[in-house]
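Let me begin by presenting the structure, written as structure tokens, before commenting on it.
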Amino acid sequence: MPPSTRPAAHAEPTRRGLLRGALGLGTLGFAALTGCATPPEAPSGPQASPTPAAPPTQNPAASPSATPPAAAAVMTRAEAVAKYRGRKPGQFGLDVPGIQLGLPRGSKAAALSFDACGGPGGTSFDRALIKALRDADAPATLFVNQRWARANRSLLADLSADPLFEIANHGTSHAPLGVAGQEAYGIPGTASVGQAYDEIMGNQRYLAGEFGLGARFFRSGTAHMDQIGAELCRDLGLVPMNFTVNLDAGATFAASVVEAQVGGLRAGDVGIGHFNRPDSGTAAGVRKGLKTLQDAGVELVRLSQAW
């Protein structure tokens, strides 16, 4: 199926079906959602082509979908450890109970989100992408890892001062968020409730203390969580936020594919891309895809505008 084609929705798809359709990762492997290391060469053949998300007959949303507050440490580390002592981690992945995929039901807009992962190979800045968003007056939510924030203090200060953008929490060390050390793309996750708390709150406090930012949304490194991690996010006043459409597969998709993925966004969708890989096709694809969205009359919002 060509990336610009969306299959007809004859019945409301499952959340998991929506997410799988949105991913279309094939065997891209480690860099598929991390965007923080030199990506492997994409495989040839049909597996290298992304499959866009089927249009939901109702907008995908996690349950519960409460209004996200201005995040604060409403639970201490000790309280979190005590609350979850003896609890099983539950499911682990991109779509587990408690994770928000798309905008709340009934949303008439779509949202763009872009990650900056930091770490080796991941601390660059895609100026062309940010310029494309500004030129099109296209709002976006930027998920920032603490490693990237520390390496790009002046850039983050500039981005956070721009009302077009909203800064969100992409974790402290870019680890998958779990309580049993589950791995994603070869990256080990947090191995206890205490470590998961630190992964969330380390960056939350850093963004607040250094930049005066109160992030309202959290996306873990690799976007993988277990059920305890997702519940813990909500305990801490953050929405564990993933996506319905993969825009660039860790900044590995060609510009033409990114263009098709962006241009295919519809009401209720949340797209994920990366703004730390200037050597990718993301910026060029987003610029052209935004024109398609504009022509289609699709409104874009920052995540917090949808709640």
Side-chain angles (χ1 to χ4, degrees), residues 6-7 9 11-25 32-35 50-68 90-115 139-143 166 168-171 176-178 182 184-185 200 215-234 238-250 261-262 264-274 298-307:
R6 285 175 169 254
E12 182 177 359
T14 64
R15 281 168 41 84
R16 189 166 302 278
L18 272 170
L19 187 60
R20 285 177 177 170
L23 284 171
L25 295 178
L33 277 174
T34 63
T51 303
T57 54
Q58 293 184 339
N59 296 320
S63 181
S65 180
T67 299
Q91 300 173 39
F92 175 76
L94 295 164
D95 172 22
V96 304
I99 290 179
Q100 186 86 16
L101 298 183
L103 300 181
R105 295 183 186 278
S107 295
K108 300 187 183 303
L112 295 171
S113 69
F114 297 95
D115 295 358
T141 301
L142 307 178
F143 283 82
E166 172 181 26
N169 185 343
H170 194 32
L177 194 75
Q182 306 97 313
Y185 312 123
I200 298 167
R216 300 171 68 184
F217 300 88
F218 179 85
R219 179 177 292 150
S220 61
T222 76
H224 282 66
M225 298 185 196
D226 65 17
Q227 287 178 246
I228 296 296
E231 187 176 340
L232 178 60
C233 282
R234 293 187 182 272
L238 291 124
V239 173
M241 189 77 226
N242 272 354
F243 56 94
T244 60
V245 178
N246 192 349
L247 304 179
D248 67 3
Q261 296 294 85
V262 173
L265 290 171
R266 293 297 179 262
D269 276 334
V270 174
I272 182 177
H274 292 79
V298 177
E299 180 188 3
L300 291 173
V301 295
R302 299 183 302 278
L303 288 176
S304 60
Q305 292 177 281
W307 267 265

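Note that the numbering runs from 1 along the sequence shown for the chain.
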Legend entry - Distance-minimising heavy-atom pair for P139 and L300: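 In terms of heavy atoms, the two residues are closest at CG-O, 3.2 Å.
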
Inset, instruction - Check whether any side-chain heavy atom of F243 sits under 4.5 Å from a side-chain heavy atom of Q100, and report yes or no. - result: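 No. Closest side-chain heavy atoms not under 4.5 Å.
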
Working to the nearest 0.5 angstrom, can you tell me the gap between [X] [atom1] and [Y] [atom2]?
X	Y	atom1	atom2	answer
C233	L177	SG	CG	5.5 Å
R219	I272	CZ	CD1	4.0 Å
L142	D115	CG	CG	9.0 Å
L303	S113	CG	OG	6.0 Å
N242	L94	CG	CG	6.0 Å

Inset, instruction - Classify the ring geometry between H224 and F92 as parallel (under 30°), tilted (30 to 60°) or perpendicular (over 60°). - result: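 Judged by the thresholds at 30° and 60°, the geometry between H224 and F92 is tilted.
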
Legend entry - Check against side-chain hydrogen bond (donor to acceptor under 3.5 Å, both in side chains), N246 and Q261: CA-CA 7 Å; N246 192 349; Q261 296 294 85; over 6 Å; no

Inset, instruction - Quick one: which residue pairs count as a salt bridge (Lys or Arg N to Asp or Glu O under 4.0 Å) with a foot in residues 298-307, not counting sequence neighbours? - result: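 Listed once each, the pairs would be none.
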
Inset, instruction - Not counting sequence neighbours, which residues clear side-chain hydrogen bond (donor to acceptor under 3.5 Å, both in side chains) with Q227? List them please. - result: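 For Q227 there are no side-chain hydrogen bond (donor to acceptor under 3.5 Å, both in side chains) partners, ignoring immediate neighbours.
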
Inset, instruction - Taking side chain to side chain contact (heavy atoms under 4.5 Å, CB included) as the test, write out the residues that go with A168, two or more places apart. - result: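 Side chain to side chain contact (heavy atoms under 4.5 Å, CB included) check on A168 returns T141, F143, F217.
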
